[in-house]
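In this text, all values refer to a predicted model and were calculated from it rather than measured experimentally.
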Amino acid sequence: MEGNSTGVGRVFLLSFCVAGIWSAYITQGVLQETLSTKRFGPDGKRFEHLSFLNLAQNVVCLIWSFMMIKLWSRSRAGGAPWWSYWSAGITNTVGPAMGIEALKYISYPAQVLAKSSKMIPVMLMGALVYGIKYTFPEYVCTFLVAGGVSAFALSKTSSKTISKLAQPNAPLGYGLCFLNLAFDGFTNATQDSITARYPKTSAWDIMLGMNLWGTIYNMIYMFGWPHGNGFETVQFCKQHPEAAWDIFLFCLCGAVGQNFIFLTISRFGSLANTTITTTRKFVSIVVSSLLSGNPLSAKQWGSVFMVFSGLSYQIYLKWKKLQRQQKKKAT
C-alpha cells in the first residue's frame, strides 16, 4: 500500500480512515452521553464527576503515545522538549473539561452543535483583534452556523430529554461550550507555535507532551485539590463496575480515534480530515437521536441541517482555495 499512492490502494486507505474515525468517535459520543445521563446500579446513582473523564483520557493517551514513540519513531532529536507544552496543557485541560461538564446542562446533540461553531470565535478574534478581512462567502458560512446553533438553542426541548439531564440549564451549558472553543483556539495556536519552533516534532511528540501535562494538572485537580473528588469517583467506579468499563472504552475510543486522525492528516491532508470529522459530528447527532429515544423536533432538525450546510460550504471554500494554490505552484 505504501507504494501504491493512487488507485484502489489509496481509496481503500481513505475508507479505512473514515471507518476508523467514525466508529471511534461515534462510539465515544454514545459512551459520553451514557455516562452523563444514565443512572447506575439499583440505587440509581448518576456519574456526577464528568471531569474525571479528562484525567482518564489523558492517562490512556499518554501511555498510548509513549508506546507509539517507542515502536515507530526512529529519532526524537530536534523535537520540542516536554516542558514546552505546559501552557497549552492548561487550556487543553480546562477547555475539554468545560465541554464535558456542559452535558449536565444541555443534551448531547446541543453540545455537538455548539462545539461545531468553532469558526465563530476564530473569525471574531481575527476581525476585531487582528483586523483580518473575510470574504462574503465566509460570512455566509458563519451566519448559517451561528443561526443554526441559535435556532437549536431557542427550540423547545422535549421533557423526556430534559428529565435525563442532571441540572438542566441551557445558558450555562452553551456558555461552557463556547468557553471550550475559546480555550481550544489558544491550544491550537500554541501547538502551531511549538511545531514552528521545533519542525522535527512529530504528532506522537505533541500527543505525549499534551497528555503528560494534562495528566499532571488533572491529577492535582482531582486528587490534590482541597475539594477534589477523585477518590469519590474511584469509589463510585468500584461500586458500579459498569461505569468503570464505560470510562475505559471512552478513553480507548479517544486514543484509537487520534491515531486515525494523525494517519488521515499525514496521508490526505487536513482538509480531508476536516471533512471526515465534520460529517462524523452529523452522524453522531443522528445516532444519539435514534439510540436515546429522544427524537429531535422538525425545527431542531432544520437547525442541524443549517449548521452543517454552513460547515460543508466552508469545507468547499477551503477546497477551492487549495485548488487555486496548487494551480499557482504548477505554473
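The main-chain N or O of Gln258 is found under 3.5 Å from a side-chain atom of Tyr25 such that the two form a donor-acceptor pair. A side-chain donor-acceptor contact under 3.5 Å links Ser117 to the backbone of Ala114. Using a distance-only test at 3.5 Å, with no hydrogens or angles considered, no donor-acceptor pair links the side chain of Tyr174 to the main chain of Ser150. Not one N or O on the side chain of Ser288 forms a donor-acceptor pair closer than 3.5 Å with the backbone of Pro109.
For Phe143, the CZ atom is loosely surrounded, since the number of other residues' heavy atoms within 6.0 Å does not exceed 12. Heavy atoms of other residues, nucleotides or ligands lying less than 6.0 angstrom from OH of Tyr221 number 12 at most. Residue Phe268 places its CZ atom among more than 12 non-hydrogen atoms of other residues, nucleotides or ligands, all under 6.0 Å distant.
Annotation: side chain of Trp204 is in contact with side chain of Phe262 (closest heavy-atom distance under 4.5 Å). A heavy-atom distance below 4.5 Å is found between the side chains of Trp301 and Ser289. Two residues are said to be in side-chain contact when any heavy atoms from C-beta on lie closer than 4.5 Å; Glu48 and Phe236 fail this criterion. Proximity of Arg267 to Cys17: side-chain heavy atoms (C-beta onward) are nowhere separated by under 4.5 Å. By the 4.5 Å heavy-atom criterion applied to side chains, Asn273 and Ile21 are counted as neighbours. In this structure the side chain of Gln111 reaches within 4.5 angstrom of the side chain of Gln32, judged on heavy atoms. Contact annotation: the side chain of Leu113 approaches that of Phe308 to within less than 4.5 Å [non-hydrogen atoms, C-beta and beyond]. With contacts defined as side-chain heavy-atom distances shorter than 4.5 Å, the pair Met219/Leu55 qualifies.
Closest approach of Gly89 to Trp213, counting heavy atoms only: CA-CB, 4.1 Å. When all heavy atoms of Lys281 and Lys115 are compared, the pair lying nearest together is NZ-O, 4.1 Å. Summarising the geometry of Thr161 relative to Ser107, their closest heavy-atom pair is CG2-CB, 3.8 Å, with the distance given to 0.1 Å. For Met222 against Ser51, the heavy-atom pair with the smallest separation is SD-OG, 3.7 Å. Nearest heavy-atom pair across Gly148 and Ser303 is O-CB, 3.2 Å. Residues Ile276 and Trp22 share a closest heavy-atom pair of O-NE1, 3.3 Å.
In the hydrophobic cluster analysis, where Ile, Leu, Val, Met, Phe, Trp and Tyr join through side-chain heavy atoms closer than 4.5 angstrom, Leu50 is grouped apart from Leu165. Ile90 and Ile216 fall within the same hydrophobic cluster, defined by Ile, Leu, Val, Met, Phe, Trp and Tyr side-chain heavy atoms under 4.5 Å apart, directly or through other members. Val60 and Ile206 fall into different hydrophobic clusters, where Ile, Leu, Val, Met, Phe, Trp and Tyr side chains are chained together by heavy-atom contacts under 4.5 Å. Hydrophobic clustering keeps Phe186 apart from Phe183 (ILVMFWY residues linked when any side-chain heavy atoms are closer than 4.5 Å, directly or through intermediates). Taken together through direct or relayed side-chain contacts under 4.5 Å among Ile, Leu, Val, Met, Phe, Trp and Tyr, Leu154 and Leu176 form parts of separate hydrophobic clusters.
One distance of note links CD of Gln300 with CE of Met306; it measures 14.5 Å at 0.5 Å rounding. Separating the OG atom in Ser36 from the CZ atom in Arg46 is a distance of 8.5 Å, to the nearest 0.5 Å. Trp83 CH2 to Trp86 CH2: the interatomic distance, rounded to the nearest 0.5 Å, is 11.0 Å. From Leu208, atom CG reaches atom OH of Tyr85 across 8.0 Å, with rounding to the nearest 0.5 Å. We find the OH-CG distance between Tyr217 and Asn54 to be 14.5 Å, quoted to the nearest 0.5 Å. Between atom CD1 of residue Ile194 and atom CE of residue Met210 there is a gap of 7.5 Å, rounded to the nearest 0.5 Å.
With sequence neighbours excluded, the residues forming a salt bridge (charged side-chain N to carboxylate O under 4.0 Å, His left out) with Lys104 are Glu101, listed by chain and number. For Asn218, the side chain to side chain donor-acceptor pair (under 3.5 Å) test picks out Asn58, with sequence neighbours left out.
If you run side chain to side chain donor-acceptor pair (under 3.5 Å) between Thr91 and each of Thr190, Asn180, Thr187, Asp184, only Thr187 comes through.
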Apply side chain to side chain contact (heavy atoms under 4.5 Å, CB included) to the pair Asp246 and Phe250, showing each step before the final yes or no. CA-CA 6 Å; Asp246 286 343; Phe250 171 88; over 6 Å; no
If you apply the rule side chain to side chain contact (heavy atoms under 4.5 Å, CB included), what do you find for Gln57 with Gln28, and how did you get there? CA-CA 11 Å; Gln57 180 80 91; Gln28 188 183 51; 2.9 Å; yes
Test side chain to side chain contact (heavy atoms under 4.5 Å, CB included) on Leu35 and Phe52; report intermediate values, then the result. CA-CA 11 Å; Leu35 285 163; Phe52 185 80; over 6 Å; no
Could you walk me through whether Met68 and Asn259 pass side chain to side chain contact (heavy atoms under 4.5 Å, CB included), step by step? CA-CA 10 Å; Met68 292 298 104; Asn259 277 269; 4.1 Å; yes
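In this structure, Phe305 has its ring center closer than 6.0 angstrom to the ring center of Phe282.
Trp64 and Asn211 share no side-chain donor-acceptor pair at under 3.5 Å.
Using a 30° and 60° split on the angle between ring planes, His49 and Phe47 fall in the perpendicular class, above 60°.
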